Amino acid sequence: MKEDTVCAVVVTYNRKELLLECLEALRRQTRPIDAIYLIDNSSTDGTPEFLLEKGYIKELPPPKLLKPWEKFL
């Protein structure tokens, strides 16, 4: 029997404190999540820098995105 893959999709816009709470809750699930897809709708509150500081991303996205930016950690 093949085990199922579990992924989460999180969409955010200027809610970095709630985003951190959400990501921490996802990490505490009893069944580990295989991937988290984080969609930031051009937040202006420093969300990317916050995620970098907290260790959720390893580098900041380019300053002017012309297409989706995707990184696998």
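Small disclaimer: the values here were computed from a predicted structure and weren't measured.
Here salt bridge (charged side-chain N to carboxylate O under 4.0 Å, His left out) pairs that include residues 32-51, with residues two or more places apart or in two chains, are R31-D34.
Atoms CD1 and OH, from I36 and Y56 in turn, are 7.0 Å apart once rounded to the nearest 0.5 Å. Between the CG atom in L20 and the CZ atom in R15 there is a gap of 15.0 Å [rounded to 0.5 Å].
Under the rule for a salt bridge (Lys or Arg N to Asp or Glu O under 4.0 Å), the partners of E24 that lie at least two apart in sequence or sit in another chain are R27.
Linking Ile, Leu, Val, Met, Phe, Trp and Tyr residues whenever their side-chain heavy atoms come within less than 4.5 Å leaves Y13 and L52 in two separate clusters.
The minimum heavy-atom distance between N14 and S43, with the atom names listed, is N-OG, 2.8 Å. For P48 against I57, the heavy-atom pair with the smallest separation is O-CD1, 3.4 Å.
Counting Ile, Leu, Val, Met, Phe, Trp and Tyr side chains that sit under 4.5 Å apart, directly or through other members, I39 shares a hydrophobic cluster with V9, V11, Y37.
Between L51 and L19, some side-chain heavy-atom pair lies under the 4.5 Å cut-off.
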